[in-house]
Amino acid sequence: MSTTSKYIFVTGGVTSSLGKGIISSSLGKLLQARGFTVTIQKFDPYINIDPGTLNPYEHGECYVTDDGAETDLDLGHYERFLNTPTSQANNITTGRIYNNVITKERKGEYLGKTVQVVPHITDEIKRNIHLLGESGKYDFVINEIGGSVGDIESLPFLEAVRQVRWELGANNAIVIHLTLIPYLAAAKELKTKPTQHSVKELLSYGIQPDILVCRTEHPLPMEIRKKLALFCNVNLNSVIEAIDAETIYDVPLLMRKEKLDERVLSKLKMVAKQEPELEQWKTFLGKLKNPVDEVTIGLVGKYVSLPDAYKSIAEAFIHAGSQNDAKVRLKWISSEDINKDTVEDILGGLHGVLVAPGFGERGLEGKIAAIRYVREQKIPFLGICLGMQMAVVEYARNVMGMTEASTTELNPKTKYPVIDMMEEQKKITTKGGTMRLGAYTCKLKKGSKAYAIYGDTVIHERHRHRYEFNNKYLHQFEEAGMKAVGVNPDSELVEVIELKDHPWFIGVQYHPELKSTVLNPHPLFVGFVEAALKNKKNDL
Ligand code: GLN
């Protein structure tokens, strides 16, 4: 427990996509492994209030927290690495900052004053920077600043960082600049110039980075480190190499080798409580890298050309694979490619199939065709959110004889609306932040597969949807062999369905992938991979 948090800012230079989220998470992991409490927050420079309204093609997956915040996918990394939940306070956008300031202005809180970027927007950013630190729960608050230095949008955030650093002093707030050291193949040389320029740019905003973390494809020789130190005014031992890693989960160990955590502790005048305790992490990595078996699982979705759209699902498979000592190969399948003529070619031979979450009607018929195939062929199936809903539609159409059954998302006039919009959703007209969001309780029926997998009757899982299983048809479904084995105890919404006559067929209305972490792989994914392995050996 700490009353005064130390602040670490992580900025990015030269290009985007250098992995600020992974560096922040890895540093957080190392500090946590030394016995400190850590949280990581992300500041995003775009004007959307949150990424909930962004197309996954634009921005990758929208990550949902327990408290129902729709957030940037980097928060998923924070949770997967630190194994502690994040919340709305961990993700702030320019849109939210402006919204707060403008709301205050309308209330008259700035009466008489001209409301300006400096100081009002920057003050609001600073208030948010301090919010989690002031809770007294964290020794360290790591602040990832989205975008790259030089973007117009990032300016108010960098000004806020400059001010916080000035106000708190160099012993309480430091800046880590993540940058790229490109390798010119023709010259066979690593180049420091872009980094020099990027640091100059930071300096022009009044920010001197304390530590440089350098993304590189090749090891950084001493003369390059010296050059960077001299031209960027950082200590030689604060030039940290971040070499391309085999997996993101190697990065904490690579950062440990480069002593990033030690540099941070020394700059912030903190005494290490202990050496980082990373045994479990290393066991996970060891199993991940030395699989004894392998399975291929099809991931059927609409946005498969951008794997970031299903980031948490892909990571959950990595966790579950390691747990099962198996390599999970994901075959990314566009639901639009599947129909009754292609389904056998595309799905035949897979050891398991996951039908992904999603929105809108595109590709729905392909998902239904895929589910019919795996149901009939007895291939292990996990349906998540829209995937579960399509399993319900498929069963109604092809087993229960309701050939016109559908979800009202696809066909609002369907004769059999087996999936329908939730009552409370029908009145809602705005899109942002209005779905059924965040963690809800679900009660599992004893004797079900889900109960055996979770080993508990009461679970809490995160949601993000507007439609639900239509309870009007529940009795008919149960009679026909599709069982509602998980139900919300307050609203009676169906959360988990299973098939009686299938070795492993589970649909969940919630998103289990959001709660899978390195140290706690999600039981449903672990169970699914296990079933796929058994299926491969024909003993399911
Ligand atoms: N589109 C569906 C709904 O809103 C499913 C959402 C999802 O898969 N996250 O209910």
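Every number for a ligand or one of its atoms is a count from 1 in the order of the listing. For the single chain, residues carry numbers from 1 onward in sequence order.
At a heavy-atom distance under 4.0 Å, no atom of M435 approaches ligand 1.
Residues E513 and I384 approach most closely at OE1-CD1, 3.6 Å, considering heavy atoms.
Interface of H465 with ligand 1, defined as ligand atoms under 4.0 Å from a residue heavy atom, comprises 3 (C), 4 (O), 6 (C), 10 (O). Applying the 4.0 Å criterion to heavy atoms of H511 picks out, from ligand 1, the atoms 9 (N). Applying the 4.0 Å criterion to heavy atoms of C385 picks out, from ligand 1, the atoms 5 (C), 6 (C), 7 (C), 8 (O), 9 (N). Near R464, with a cut-off below 4.0 Å to any heavy atom, the atoms of ligand 1 are 6 (C), 7 (C), 9 (N). Counting atoms of ligand 1 from 1 in the listed order, those under 4.0 Å from a heavy atom of R466 are 3 (C), 4 (O), 10 (O).
Protein heavy atom nearest atom 10 (O) of ligand 1, with residue, atom name and distance: Y467 N, 2.8 Å. Atom 5 (C) of ligand 1 has its closest protein heavy atom at G358 O, 3.3 Å. Nearest protein heavy-atom neighbour of atom 2 (C) of ligand 1: E409 OE1, 3.3 Å.
Looking at R375 and E498, no side-chain N of the basic residue comes within less than 4.0 Å of a carboxylate O on the acidic one, giving no salt bridge. Salt bridge K327/D293: absent, no basic N to carboxylate O contact under 4.0 Å.
Side-chain contact of Q425 with E468: a donor-acceptor pair under 3.5 Å is absent, judged by distance alone. A side-chain donor from one of H319 and Y249 sits under 3.5 Å from a side-chain acceptor of the other.
The aromatic ring centroids of W504 and F381 lie 6.0 Å or more from each other.
Ring-plane geometry between F81 and W281 is classed as tilted, the angle between the planes lying from 30 to 60 degrees on a 0 to 90 degree scale. The aromatic rings of H465 and H463 lie tilted to each other, with the angle between the two planes from 30° to 60°.
Residue L386 places at least one N or O, backbone or side chain, under 3.5 Å from an N or O of ligand 1.
Not close to ligand 1: E468, with no non-hydrogen atom less than 4.0 angstrom away.
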